Amino acid sequence: MPELPEVETVVRGLRTALPGRSIVAVRLGKTDFIDDPVVLGESLPGRRIAGIERIGKYIHLQLAPDGAGRADSPSHLIVHLGMTGRLVVRAAHEPAPPHTHVFFQLDDGRELRYTDIRRFGRMFLAADAMVADLRGRLGVDALDISAEEFRRRLAGRRARIKALLLDQHVLLGVGNIYADESLWRARLHPARLAAKLSKQEIDRLRHALQRVLGEAIRLRGSSISDFVDSDGQPGGYQRWHRVYGRKGKPCCRCRAMVQRIIVAGRSSHFCPRCQPAPRTRHAASKPRRGKLKRR
DNA sequence: AGCTCTTCCTGAAAGC
DNA sequence: TGCTTTCAGGAAGAGC
C-alpha cells in the first residue's frame, strides 16, 4: 500500500520521464474515483507537464500554462494512489494490465497509465487555490517535521499515538506499515496516549520515524501486495519489516512473539516485551469505596 | 475531543 | 474440491 516512501519512489521515477512531455490524448475506463472525469478528459490534451512533486501521499503533477489560451484551466493534476493505485509509464503499444482506468497518451509515444484494482484512489484537477487549500488542511510532512513541531503537534493530545501517526491532519505521509515499524523501533506501544509520552519518547519516535522512512525510500518502498514504481518494479523494504505482517513470529530484538491488535480501528503489530502496554485505568483503579456522589 | 462504525472495492486467504 | 465468508485498508462522514 502506497505510503510516503512508495509515493516518493513513484514521484522520483515520474520526474525522470514526464517533465517537458505533453499530454496528447486521454482515454478513460471506470471513472468513479475521478472528481470530474469529463473536465479531466477535455482539458488535459495539449497540456505540458512541467514538474512533479509529492504532497504527503498525494502526487502533484504541475501543468504548464494552457497554450490554447484557456487561462482559467486548472493547472494541477492531483493523484492519490489509495490502496492499490499504480502510476506507470509504458510504451503505448504495450498491453495494459486489468483495472487500468486512465491512459494519458504522451507526445513521445509513451503513456502514463493509472491502474487501481480497488479504486480507493482519487484523481482530480485543481486550480492554484485548491492546491493551497489542500496543503493548508494537511499536516507537516513526516520527513521534514522538526523536533519542536513534532512535540507541539502531539502535546496534550489524548488520542492514542498510533491514531495520531496515521492522522494526515497531524503528520503527512505515514500509513499503517510505517507507523507500526516506527513504534517498534522507538519501543512505544501503539495504544499509548500521546499526552502521556515523555519528551524523550516523542523525540525517540520522531527519530525512528524519519530513519524508517529514509531507509524505505532508499529501498524504493515496500511491496506488500500491489505496489510498483513508475517502471513497474516492486520495492525492497518489505524484507526489512520488523513487526508489520509478522504476527506470531519472534521479535527481532528480544524473541518475544509479535502480536497483532486493533488500535484506532487499524491492525497494529508490536512486540509485547519491547513495547510495554500502557497502564489501563481499569487495572490501575481501586474499587470505589464510601458514598457515591449523588447527581 | 476522540472513539467506533460504515462506506467505497477487489482479490487472496481462510473456513466449511 | 469448491463454494462462501472474511479480511485488508486510506480517508471521510455519522453518531455517540
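Order of the sequence lines sets the chain letters (A, B, ...), proteins ahead of strands, with each chain counted from 1. None of these values were measured; they are calculated from a predicted model.
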Atom pair distance, as rounded to whole Å: [atom1] in [X] and [atom2] in [N]:
X: A:Ile117; N: B:dC8; atom1: CD1; atom2: C1'; result: 15 Å
X: A:Met123; N: B:dC9; atom1: CE; atom2: P; result: 17 Å
X: A:Phe124; N: C:dA11; atom1: CZ; atom2: C1'; result: 12 Å
X: A:Tyr114; N: B:dC9; atom1: OH; atom2: C1'; result: 12 Å
X: A:Leu154; N: B:dG2; atom1: CG; atom2: C1'; result: 15 Å
X: A:Phe33; N: C:dA12; atom1: CZ; atom2: P; result: 17 Å
X: A:Arg160; N: B:dA1; atom1: CZ; atom2: P; result: 18 Å

Just checking, A:Arg253 and A:Trp184: is the charged tip under 6.0 Å from the six-membered ring centre and within 45° of the axis?
yes

Taking only N/O atoms, report every protein-nucleotides 7-10 of chain C pair under 3.5 Å with atom names and distance.
unit_1: C:dA8; atom_1: OP1; unit_2: A:Arg260; atom_2: NH1; d: 2.6
unit_1: C:dA8; atom_1: OP1; unit_2: A:Arg260; atom_2: NH2; d: 2.7
unit_1: C:dA8; atom_1: N3; unit_2: A:Arg118; atom_2: NH1; d: 3.0
unit_1: C:dG9; atom_1: OP1; unit_2: A:Asn176; atom_2: ND2; d: 3.1
unit_1: C:dG9; atom_1: OP1; unit_2: A:Tyr244; atom_2: OH; d: 3.0
unit_1: C:dG9; atom_1: OP1; unit_2: A:Ser267; atom_2: OG; d: 3.1
unit_1: C:dG9; atom_1: OP2; unit_2: A:Ser267; atom_2: OG; d: 3.0
unit_1: C:dG9; atom_1: N2; unit_2: A:Arg118; atom_2: NE; d: 3.4
unit_1: C:dG9; atom_1: N2; unit_2: A:Arg118; atom_2: NH1; d: 2.5
unit_1: C:dG10; atom_1: N7; unit_2: A:Arg266; atom_2: NH2; d: 3.2

Main-chain N/O of [Y] paired with [X] side-chain donor or acceptor, under 3.5 Å:
X: A:Glu3; Y: A:Asn176; value: yes
X: A:Gln105; Y: A:Val24; value: no
X: A:Ser75; Y: A:Leu63; value: no

Counting the atoms with a prime plus P, OP1 and OP2 as sugar-phosphate, which does A:Asp116 contact under 4.0 Å by heavy atoms, base, sugar-phosphate, or nothing?
nothing

Taking only side-chain nitrogens and oxygens of [X], does any of them come within less than 4.0 Å of OP1 or OP2 of [N]?
X: A:Lys162; N: B:dC3; answer: no
X: A:His99; N: B:dG11; answer: yes
X: A:Arg157; N: B:dG2; answer: yes

Assess the side chains of A:His241 and A:Ser222: does a donor N or O sit below 3.5 Å from an acceptor N or O?
yes

Could you tell me whether A:Asp116 and A:Arg86 have a side-chain N and a carboxylate O separated by less than 4.0 Å?
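Answer for the salt bridge query: no.
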
Please report the closest heavy-atom contact between A:Leu209 and A:Tyr178, naming both atoms and the distance.
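Where A:Leu209 meets A:Tyr178 most closely, the heavy atoms are CD1-O, 4.3 Å.
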
